[in-house]
Trainee: 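Quick one: the structure is below, questions incoming.
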Amino acid sequence: MLFILILLPLLSGVFAFLLSKNQQRKMVLLGTSFIHLIGVLSLWKSLPVAQLNGFLGMDVLGRLILTIISILFTTVSFYLWGYLKDEDNHSNRIFMAGLLIFLSAMTLVTMSRHMGLLWIAIEATTLFSAPLINFYRTPQSVEATWKYLLICSAGIALALLGTLFLAVAASKGETVFLDVLLNNASSLAIPWLKLSVIFLFVGYGTKMGLAPMHTWLPDAHSEAPSPVSALLSGALLNCAFLGILRVLQICAAAGQAAFARDLFLIMGLLSLVIAAIFVVGQSDYKRMFAYSSVENMGILAIGMGLGGIGLYGSLFHMINNAFAKGMVFLVTGNLYQIYQSKKISDIKGLLHYYPVTGIFLAIGFLAVTGVPPFGTFYSELMILNAAIQSGRYWVAFFYVLFLAVIFIGIAEGVLKMLHGGTKEQTANQTNQEDIRLIMPILFLGLIVLILGLYMPSFLDDALRESSKLLGGR
Amino acid sequence: MGLELALILIVFLGVVILGSSRLGTMIQLFAAQSLVLSATPLLVHPGKHAVVMAFVTVVLKVFLMPNLLFWAIRHVSIRREVQPLVGYGKTLMLGGFLIGTAFFISSKLDLPVEETSNLLIPCAFSIIMIGFLLLVSRLKAITQVIGYLVMENGIFLFALLLLEKTPLLMEMGILLDIFVGVLIMGIVINHINEEFESTNTIHLTTLRD
């Protein structure tokens, strides 16, 4: 089963590359993502046993992240069906093939049970998402692609060095299989483990968009086509997060969790500061939401850094953020198709001219910034709770302060787009909106809303078991 | 003895890359460094594993990657770094300082694995730092890629320490990833050429806050 989930998108990607019509490739994408989703959901019945000499395997944490990826990917495939219609004269051959292989690489990330294989998979996600960012081939998108490729590759090279340090630390054991490492964690050489943790943090942290290594993220998210931005922030960043969580898992098993947690806290708070500085007064709406991704990655890191209920809260926030951010970036896709501009100042009176997109922009904004009743609110509250429970009042204070600043910063930008500009125009002129571009957004919005109102017991169990893996109770 | 000679040659070539300004020369020097590098697995642990590693390294790093880089700059008229961010004299000084740091750090490290040569770790660190220096101090896209590759060469050296323990499959996967990475970077450099009519990343400054 695991093997099929990796091979299916890979082979479909190659197949899509060989097809000659854009329409056919869209169908392959839709079909593959749908079958992939069914396969992933079937994993929830029981966890499959390890395969390929123990290189591939699945635990609750990997399954959780794979499910997020697969749901988001399928939704984006539906969205692309309507979104790509205008570009039909422009071949989507490389785009579609890249997208499918990207899915395959992300699937491999969640199934890797060997730290070297994990590295290979995460590097592969960088390589195959780069052509997606460069879809429009404008000077700006070429620039964003170059920065993304170079910064992430250099960062990931440090992670490779970190993996080798980890192998040195575990030199008494066989090789860096995750399960072997976890079982023999007490025999790890601690100085080398600490060194490897620092390198792995910096390396995978670059990919995750944690400050100060986040510089590629706003460029890549703003220049990529919006459906790709949705996948980058909702799926790709979570893959890198999983890489860091594996490191935390090893640290927790070796009794060095406190060391890793401090790193999480520092990087998390720094990410909030950076996001707060750049969100306020931002003139490009996609960059604004990209900095919101930096903020949310910071929140995830803080939750992990606090431990206790923070672990559960952080994992819950990961799910909420993936769908909320996916939703909001799809809304920006609608905006871009209507206005052909990414400037906030070019968009006015959205609620009046395009009421459906306008309402979804408002909802998406509330969902990403963590306003009740959306799930993001509850997960952010859990992390605040963890800070207070552990007696870290300074962390709690700055956390709330920066969240408030970022909320105000995004609110300012969104309100400018929603209102104004109606006076010059004749009244009651609303425009038709494409249902295919609305349904996927509605679907993602509903998920975040439902997660805020009701926590299904299977998800609660999965979150509990996953936080246990990371050293929680 | 042979291993130590190879290691010193690799660091020496790294320093020469740091001091050269012509893109073509840099690519050739990288190929030469990789050629020496490919011999090191055989000198550390002679065996089937090492032969495969050496063969794949020669194919990828000595032939395919340099040719790919030459392909990427085939239309570039200015084939030299015109204005480096940091001058050549300063980069060389800094490079020397970094090599010293690498030796100093390595002497402080307590290795739990058996060392084949006590030059291996300091040389690996030196090359990683030289690569990183190239990556951050130069502006040509192609020079940055060479910096990245030199850094990977250093990591390769460090990995020799664990040659016996690392599954061959992993090593092949890592090399394949790096190769695909260079392939995609080459294609993007081509796009940079088309869009900006220059491979100088100093033009890549429209995206900022």
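Nothing here was measured: the structure is a model prediction, and the numbers come from that model. Below, read A as the first sequence line, B as the second, and so on, with proteins coming before strands; counting in each chain starts at 1.
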Trainee: Who wins among Thr163(A), Thr126(A), Leu150(A) for the most heavy-atom pairs under 4.5 Å with chain B?
Mentor: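 Highest number of pairs under 4.5 Å: Leu150(A).
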Trainee: Are any of the side-chain nitrogens in Lys286(A) or Glu223(A) under 4.0 Å away from the carboxylate oxygens of its partner?
Mentor: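 Answer for the salt bridge query: no.
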Trainee: Measure from NZ or CZ of Arg93(A) to the centre of the six-membered ring of Phe17(A), then state whether that distance is under 6.0 Å and the direction lies within 45° of the axis.
Mentor: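 Satisfied, under 6.0 Å and within 45°.
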Trainee: Within the 3.5 Å criterion, strictly below it, is a donor on Glu152(B) or Tyr148(B) matched to an acceptor on the partner's side chain?
Mentor: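 Looking only at side-chain atoms, Tyr148(B) and Glu152(B) do form a donor-acceptor pair, the distance falling under 3.5 Å.
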Trainee: If I measure from the heavy atoms of chain A, does Leu109(B) come under 4.5 Å with its side chain, its backbone, both, or neither?
Mentor: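 Contact with chain A: side chain only.
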Trainee: Counting N and O atoms only, with roles assigned by atom type, does the side chain of Thr57(B) sit under 3.5 Å from a partner on the main chain of Ser38(B), one being a donor and the other an acceptor?
Mentor: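 Between the backbone of Ser38(B) and the side chain of Thr57(B) there is no qualifying donor-acceptor contact (under 3.5 Å).
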Trainee: Please classify the contact between Ile155(B) and chain A as side chain, backbone, both or neither, with a heavy-atom cut-off of under 4.5 Å.
Mentor: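 Both backbone and side chain of Ile155(B) come within 4.5 Å of chain A.
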Trainee: Checking heavy atoms, do the side chain of Phe125(B), its backbone, both or neither come under 4.5 Å from chain A?
Mentor: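 Answer is side chain: those atoms of Phe125(B) sit under 4.5 Å from chain A.
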Trainee: Could you tell me which portion of Pro139(A) (side chain, backbone, both or neither) has an atom closer than 4.5 angstrom to a non-hydrogen atom of chain B?
Mentor: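 Interface part for Pro139(A): both.
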Trainee: Is chain A contacted by the side chain of Met151(B), its backbone, both, or neither, given a heavy-atom distance below 4.5 Å?
Mentor: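 Just its side chain gets close to chain A.
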Trainee: Should the pair Phe95(A) and Phe135(A) be assigned to parallel (<30°), tilted (30 to 60°) or perpendicular (>60°) ring geometry?
Mentor: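 Tilted.
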Trainee: Hydrogens and angles aside, do Thr215(A) and Lys147(A) bring a side-chain donor and acceptor to less than 3.5 Å of each other?
Mentor: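 There is no such pair (donor and acceptor under 3.5 Å, judged by atom type) between the side chains of Thr215(A) and Lys147(A).
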Trainee: Please flag which part of Leu162(B) lies under 4.5 Å from any non-hydrogen atom of chain A: side chain, backbone, both or neither.
Mentor: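 When you check distances to chain A, only side chain atoms of Leu162(B) fall under 4.5 Å.
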Trainee: Let me know if Ile128(B) has heavy atoms under 4.5 Å from chain A in its side chain, its backbone, both or neither.
Mentor: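 Contact with chain A: side chain only.
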